[in-house]
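Here the structure is laid out as structure tokens; the discussion comes afterwards.
Just so we're clear, the structure is a prediction, and the values are computed from it rather than from any experiment. Atoms within each ligand, like the ligands themselves, are counted from 1 in listed order.
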Amino acid sequence: MSDSTGNPLDDPATDPFEIAAAAADDIARLTGVERHDIALTLGSGWGKAADLIGETTVTIPATEVTGFSKPALEGHVGTLRSVLTPKGRHVLVIGARTHYYEGHGPRRVVHSVRTAAATGARTMVLTNGAGGIKTTWKPGQPVLISDHINLTGDSPLEGATFIDLTDLYSMRLRDLARTIDPSLDEGVYCQFRGPQYETPAEVRMAKAIGGHIVGMSTALEAIAARQAGMEVLGFSLITNMAAGIQTTPLSHQEVIDAGREAEPVISSLLARVIGAL
Ligand code: 8IG
């Protein structure tokens with residue numbers, strides 16, 4: 001069942017896919033929507049997009065869904081929303097990301113993705129706020145994720161589970177996004193463990209090994225999405241230039257401000273892309 005944390009995912013004897021299936025049943029029951037078509041995880045700066053995608057039919061506190069529950073002391077938990085698009089597609093909007101740096105392990109980090117797959121979603125749209133390495137980029141600019149480098153040293157896969165990650169961030173979906181906004185640039189996302197931002201030397205390393213974006217999410221989720229057979233589309237909002245690329249210190253406030261300013265533009269971009277899926 002569940003161990004002392006109250007979350008069944010924390011018991012290694014449980015099967016995370018069974019827990020995801022139970023979570024999907026919860027979502028079907030609470031939303032009245034038997035199957036979702038698309039799932040969207042909202043990262044920092046992307047929060048308003050859900051309102052433009054369609055009509056929110058139901059909002060569920062994540063605590064009511066199996067595996068999302070947390071000890072009460074941890075306070076705020078996000079929501080899951082069921083949104084109906086004008087084309088009649090059901091979008092599961094995940095506003096309840098668990099970050100790897102929270103220290104609960106990869107199962108918890110990717111549970112929302114596995115749950116989305118279990119609800120029927122074949123497309124996983126992952127968004128985040130991140131630091132930019134390319135000097136042509138400006139804070140507030142959205143970019144496509146073309147590939148990733150997982151620097152967490154961890155994996156959501158358990159046992160000898162060999163999953164191909166060629167074209168993980170679907171070329172087809174990136175091309176589709178560029179039909180909506182041809183100016184979209186793309187780059188390789190490096191997932192660091194966090195929660196501290198990088199040192200300038202770590203950013204130089206990321207650049208040297210082929211990275212363009214630094215962040216603290218998404219790569220582990222994308223791996224789990226591929227394992228579940230989903231097609232992945234990834235967007236980063238460049239909220240700040242990575243440490244050492246910008247010479248002034250990084251501040252969380254700067255990140256929040258860039259996100260707020262960019263929000264209307266990127267929300268409408270995302271809504272148009274999802275409308276075209
Ligand atoms: I927003 O510069 C945001 N998230 N690792 N580095 C890392 N994560 C981030 C950054 C950044 N900005």
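The closest donor-acceptor contact from the side chain of T127 to the backbone of T41 lies under 3.5 Å. The backbone N or O of P61 lies less than 3.5 Å from no partner atom in the side chain of E64, so there is not a single donor-acceptor pair.
Under the side-chain hydrogen bond (donor to acceptor under 3.5 Å, both in side chains) criterion, Q253 pairs with D257, sequence neighbours left out.
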- Audit row: H111, N7, side chain to side chain contact (heavy atoms under 4.5 Å, CB included) steps and yes/no: CA-CA 11 Å; H111 180 57; N7 190 314; over 6 Å; no
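Pairs engaging residues 17-27 under the side chain to side chain donor-acceptor pair (under 3.5 Å) rule: D26-R29, D26-T66 [sequence neighbours left out]. Residue pairs meeting the side chain to side chain donor-acceptor pair (under 3.5 Å) criterion with at least one partner in residues 85-96, sequence neighbours excluded, do not occur; the list is empty.
At a 4.0 Å heavy-atom cut-off, the residues surrounding ligand 1 are G129, A130, G131, Y197, E198, V214, G215, M216, T239, N240, L250, V255, listed by chain and number.
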